[in-house]
There are 2 protein chains.
Amino acid sequence: MDQVEVFKALSNKTRLMILQWLKEPELNFPPQEVDMKEVGVCVGQIHQKAQLTQSTISEYLSVLQRTGLIESTRIGQWTYYKRNEEACQELKRLLETSL
Amino acid sequence: MDQVEVFKALSNKTRLMILQWLKEPELNFPPQEVDMKEVGVCVGQIHQKAQLTQSTISEYLSVLQRTGLIESTRIGQWTYYKRNEEACQELKRLLETSL
DNA sequence: AAGATATATCGACTTTTCCCGATATATCTA
DNA sequence: TAGATATATCGGGAAAAGTCGATATATCTT
């Protein structure tokens, strides 16, 4: 895990928010077909909640995914994103030592 | 403490290194007149060790100081920088919850 | 007061990031 | 297969960050 890349990914208000929202998807997004806890939240929902264009949000989700902090599942025409809690934990551990 | 600003400050290899070096100044810098543990390390020493110009390092130290992660003391013509361990701890705590 | 030394600040240039709109791609449905 | 919908990617303009050299400022020494 490249620390600089992770910090860059976290250096943006919207991306930090997304990470927060995905912590408790049921609290932050309207009910879905899928189990949000299990599968995640689709791009459109995140796009609606963040007030930025679809392309920007898609890009931001890629940035976060590249760090490993979130992961995606494609189901039909939707891509669902959810946190990778293990990676988040590992990052915390990393920060514990590297900071 | 503005999270985005902190992460931006940490989004740079050199600044991360500086923060590391200042963790154990006696191990990372040649002996000085002053007690490095207590007072810190002067800009010139950090400048020599990081391979960037004096102005860049001075700027980077300001960036770090603005986050509160390091603090400075002027003694004569030297400015000494050292970690603010309390702030570093607080940041870790913040990350623990905000991440 | 003059010169030396350490640091900070300024102006400039380059690279990166932030966002957008437009378009491409994938999948679904009729 | 045609259209609809969801997402990804591409190209670009504006703003911010990275980095430098030159210069200003502060302090020390003589």
Heavy atoms of other groups near Lys13(B) NZ, more than 12 under 6.0 Å: no
Sugar-phosphate, base or nothing in reach of Thr79(A), heavy atoms under 4.0 Å: sugar-phosphate
Upstream residue (5' side of DNA chain D) when Gln77(A) and Ser72(A) are each assigned their closest nucleotide: Gln77(A)
Closest to the Arg74(B) side chain, choosing from dT27(D), dC18(C), dT9(C): dT27(D)
Qualifying residue, where the test is side chain to side chain contact (heavy atoms under 4.5 Å, CB included) with Leu99(B) and the options are Gln89(A), Lys92(A), Lys23(A), Gln20(A): Lys92(A)
Side chain to side chain contact (heavy atoms under 4.5 Å, CB included) partner of Tyr81(B), the single match among Glu71(B), Gln45(B), Gln65(B): Gln65(B)
d(CD, Glu33(A); P, dC28(C)) in whole Å: 13 Å
Atom-pair distance (CD1 on Ile75(A); P on dT7(D)), nearest Å: 11 Å
Approximate separation, where rounding is to 0.5 Å, of Arg15(B) CZ and Leu64(B) CG: 6.5 Å
Listed nucleotide nearest any side-chain atom of Val43(A), set dA16(D), dT7(D), dT7(C): dT7(D)
Touch class at under 4.0 angstrom, heavy-atom based, for Tyr80(B) against every strand present: nothing
Nucleotide nearest Lys8(B) when distance is taken to its side chain, options dC10(C), dA17(D), dC18(C): dA17(D)
Protein-nucleotide distance (Gln54(A), atom CD; dT25(C), atom P), rounded to Å: 15 Å
Nucleotide dA6(D), atom C1' - distance to CD of Gln45(A) in whole Å: 12 Å
Under 4.0 angstrom between Asn12(A) side-chain N/O and dT17(C) OP1 or OP2: no
Residue closer to the 5' end of DNA chain C, Trp78(A) versus Tyr81(B) (nearest nucleotide): Tyr81(B)
Interatomic distance, Leu64(A) CG vs dT17(C) P [rounded to whole Å]: 14 Å
Nearest-0.5 Å distance, CG of residue Asn84(A) to CG of residue Leu22(A): 11.5 Å
Comparing Cys42(B) and Gln51(A) on DNA chain C - which has the more 5′ nearest nucleotide: Cys42(B)
Nearest-Å distance for atom pair CG/P, residues Leu52(B) and dG21(D): 11 Å
Ile57(B) CD1 to dG18(D) P, straight-line distance once rounded to whole Å: 12 Å
Heavy-atom donor-acceptor pair, Thr53(B) side-chain to dG21(D) base, under 3.5 Å: no
Nearest-Å distance for atom pair CD1/C1', residues Ile46(A) and dA8(D): 14 Å
Sugar-phosphate, base or nothing in reach of Ser62(B), heavy atoms under 4.0 Å: nothing
Closest to the Ser58(A) side chain, choosing from dT9(C), dC18(C), dT9(D): dT9(D)
